[in-house]
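Structure first, then comments.
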Amino acid sequence: MIRDYFRVLIVDLATGKGKVSTVPGRDEVAGGSGLGALLFTKFAKADGPWDDPEQPLIFAIGPLTGYFPLMSKTVAAFKSPYHDQYAESHAGGRSALALRFADLDALVLTGQAPRPSALVVGSRHLELKDVHYLRGLDVQESGKLLRRMFKGSGHRSILRIGPAGEQKCAMAGINVDTYRHFGRLGGGGALGAKNLKAIAIIGDGSFPLMEGKDYPKLFEAVYKKLTATDMMQKYHNLGTPVNVAVLNELKAMPWRNLQATTDPNVSGITGERFAETALLRNAACAGCPVGCIHIGFSREKFQADYRYFYRQVSYDHEPIFATGSMLGVTDCFAVLDIIDVVEQLGLDVMSTGVALAWATEALEKGVVTEKETLLPLKFGQNRVYEEAVRHLAFGVNDFYRLLGQGTLKAAAHYGGADFACVLGQEMAGYATGEVYFASQALGLRHSHLDSAGYSYDQKHKDKEVGKAVDFLMADEASRAFLTSMVACLFARGVYNEELLAECLKVVGYGALADTIDAVSRNIQKLRWQTRLATGFNPASVSIPKRFTEVTTWKGKVDGEFLAELKNAYARRLLELGAEAPAKVPNG
Ligand code: SF4
């Protein structure tokens, strides 16, 4: 099973036929993020449009998937409907382990299915199934039917899109096993453009574990670190929503389209409030003993005498920020109701909340009217937002169709770019200061997890541009290696370089273990060169004025420092892009 090449299934959706190919490069790109970029360079037309049927949609796992806990992510790589450039999106759930059991390091989809279809792949199975009857169904309804159609519960992973993905909306995500998502940068639109409603990965094979005592001994040590120390406790206990109160206290929580960074009404949406009143249970990605997924409930009275219809809804810091503080909604059940609608329609919750926050302020300021919004959007009005989410998912008029392509696209048409909370894409739930704003605006995925800019802001008051940029570049390289291992980034404190080297050695990837630094930098370079080749120009990124109006624990954001930081970071990325090409194998 340990192989120094990648075993990749390439499926042409136009014909429904596939072939398994061996792709060299384990020692150069490792897997996950590195493998996604490598396959993209092989299969994509860098300058072709994102919805050209030949553009690939890639799913890749890492060398430690299935061997160690929390190696739980799958990396999706594709040309994004959001910015028409190279994009990566990561999701947990069962997809990574299912791919491992299907004996695949990656799945590459090219072409377009002739009819609305579901793709089924396993270790000995490939089928493109006509599922036109699922068209238009929401994520929950289609999930129920797909689970009945494709047996193998436990070893099976089901990826699906909702109506937003079918509309090719740039804010549509891919739902993975109900509670996880390839959320950002429009993966759902990319799947919709391929006429695929769903992918079922059937983990119907098996793989041997390492013989001898070294592997079980190391596994146990890792497992203990994850479960018997307090390193992962916060994720299990309150989960990421623990951050809501902390960031609010720090003046780093975005409120009402980032018009404020703290609010006394936070108590209705803190992690503590959710856990005490709305939490039903915890869940976990396959192979994870931490279980950070927190599931609450949303209920609706359908009859007198206290008869309720209810749905289980997962929540995290980011969905709470996007549909709670950003929209001025301060009741945890009202937040869960909005998240539920977003989930069912298959939108990315962060992009949706931030876009609707901009639309609300645009309406308040008269930049748009109710003729465009069709609704009296108002901060705090959760029921109105539920309706607005539907309008966005279905693209009911020009305004919502444009907004669904990105807040700045709508602002370019209607005005209001100054207060669009966009940093490469709609912001994440951290208003920590200049370093974070520059890091999301220029990060490869425009994700708060590309590098720890949000943490740097919380620890440094100095304004040394060079020092901050050095930190962002180095931190990004080490995270690129972690995401090439497909480690859950919550475990980054546990899986340091030394432990990763031990894990790689024990499963038989000694060469990779000995070259982590060089491979990390190679992957970082490969990803950036791939992104730049698809048209990204870091020097042309501008950060909207709203981010300079923010007050954090450090005081008012320093616009000059922010601009210098952004320019210096952009220069470094362009220098990296201009270096000799990243090392990739021939063949
Ligand atoms: S910590 Fe959470 S997100 Fe990470 S693998 Fe475990 S359950 Fe999944």
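By convention here, the first residue in the shown sequence is residue 1. Every heavy atom of this structure was used, including side-chain atoms; hydrogens, water molecules and symmetry mates were not. A quick note: this is a predicted structure, and the numbers were derived from the prediction, not measured.
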Residue pair M232, L70: steps toward the side-chain contact (heavy atoms from CB on, under 4.5 Å) verdict: CA-CA 11 Å; M232 299 296 290; L70 275 86; 3.8 Å; yes
Heavy-atom check, side chain of L347 versus side chain of C169, under 4.5 Å: yes
Whether the side chain of R184 engages the backbone of E426 through a donor-acceptor N/O pair (distance < 3.5 Å, no angle test) should be reported. yes
State the OG-CZ distance between S95 and R156, to the nearest 0.5 angstrom. 13.5 Å
Calculate, to the nearest 0.5 Å, the distance between atoms NE2 and NZ belonging to H90 and K73 respectively. 9.0 Å
Assess whether side-chain contact (heavy atoms from CB on, under 4.5 Å) is satisfied between L345 and F394, documenting all intermediate values. CA-CA 9 Å; L345 298 175; F394 288 100; 3.9 Å; yes
Any L336 side-chain heavy atom under 4.5 Å of T323 side chain: no
Just by distance, with hydrogens left out, do H83 and Q425 show a side-chain donor and acceptor under 3.5 Å apart? no
Do the non-hydrogen side-chain atoms of S89 and L185 ever get within less than 4.5 Å of each other? no
Side chain of D84, backbone of P49: donor and acceptor closer than 3.5 Å? no
Check whether any side-chain N or O of Q529 sits under 3.5 Å from a backbone N or O of E579 as a donor-acceptor pair, and report yes or no. yes
For H236, does its backbone N or O pair with a side-chain atom of N282 as donor and acceptor, under 3.5 Å? yes
Least distance between heavy atoms, I295 atom then Y315 atom: C-CE2, 4.2 Å
Between E497 and F481, is a side-chain contact (heavy atoms from CB on, under 4.5 Å) present by the stated rule, with each step listed? CA-CA 9 Å; E497 204 176 301; F481 192 78; over 6 Å; no
Residue pair E88 / S33, side-chain donor-acceptor N/O under 3.5 Å: yes
Main chain of S157, side chain of D177: is a donor-acceptor contact present, judged purely on distance under 3.5 Å? no
Indicate yes or no: at least one non-hydrogen side-chain atom of L128 is less than 4.5 angstrom from one of T15. no
On a heavy-atom basis, which atom in R100 and which in I61 lie closest, and how many Å separate them? N-CD1, 3.7 Å
Are T483 and L489 side-chain neighbours, meaning at least one heavy-atom pair lies under 4.5 Å? yes
With a 3.5 Å distance limit and no angle check, can you tell me whether S451 reaches the backbone of E476 through a side-chain donor-acceptor pair? no
For the atom pair CG (L532) and CD (Q85), what is the distance rounded to the nearest 0.5 Å? 9.0 Å
When rounded to the nearest 0.5 Å, the distance separating CG of L482 from CD1 of I516 is 9.0 Å
Is any side-chain heavy atom of V506 less than 4.5 Å from a side-chain heavy atom of F68? yes
Got more than 12 heavy atoms from elsewhere within 6.0 Å of NZ, K583? no
Under 3.5 Å, side chain of E318 to main-chain N/O of G429, donor-acceptor pair present? yes
Would V349 and H181 count as a side-chain contact (heavy atoms from CB on, under 4.5 Å) here? Give the steps. CA-CA 10 Å; V349 68; H181 315 82; over 6 Å; no
Does Y86 have its ring centroid less than 6.0 Å away from the ring centroid of F536? no
Least distance between heavy atoms, G186 atom then P81 atom: O-CG, 3.2 Å
Taking P319's backbone N and O only, do any of them form a donor-acceptor pair with D316's side chain (distance below 3.5 Å, no angle check)? no
In terms of side-chain heavy atoms, does D103 have a donor or acceptor partner in S123 at a distance below 3.5 Å? no
Note: K168-D51 ion pair, threshold 4.0 Å (strictly below): no
Closest non-hydrogen atom pair, L97 against A286: CD2-CB, 3.8 Å
With F182 as partner, the option from N175, L191, L159 fulfilling side chain to side chain contact (heavy atoms under 4.5 Å, CB included) is L159
On a heavy-atom basis, the closest approach of M171 and T352 is SD-N, 4.3 Å
Under 3.5 Å, is there a donor-acceptor pair between the side chain of D450 and the main chain of S447? yes
Side chain of T515, backbone of A511: donor and acceptor closer than 3.5 Å? yes
Measuring from C503:SG to F219:CZ, what's the distance to the nearest 0.5 Å? 10.0 Å
Aromatic contact between F490 and Y495, with the criterion being ring centroids under 6.0 Å apart: yes or no? no
We want to know whether R401 and Q167 form a side-chain donor-acceptor pair, criterion being a heavy-atom distance below 3.5 angstrom. no
Any side-chain heavy-atom pair of L134 and L145 under 4.5 Å: yes
Would you call V507 and P63 a side-chain contact if the rule is heavy atoms closer than 4.5 Å? no
Salt-bridge test for R26 and D4: reply yes if a basic N is under 4.0 Å from a carboxylate O, no otherwise. no
Pair D12 + K19: basic N to acidic O under 4.0 Å: no
Do the numbers put K197 on top of the ring of Y133, so that NZ or CZ is under 6.0 Å from the six-membered ring centre and no more than 45° off the axis? no
As an exercise, state the distance from CG of D348 to OH of Y82, rounded to the nearest 0.5 Å. 10.0 Å
So, R94 versus T74: side-chain donor-acceptor pair below 3.5 Å or not? no
Ion pair check, D105 and R3, cut-off under 4.0 Å: yes
Compare every heavy atom of T534 with every heavy atom of R531, then report the nearest pair and how far apart it is. O-OG1, 2.7 Å
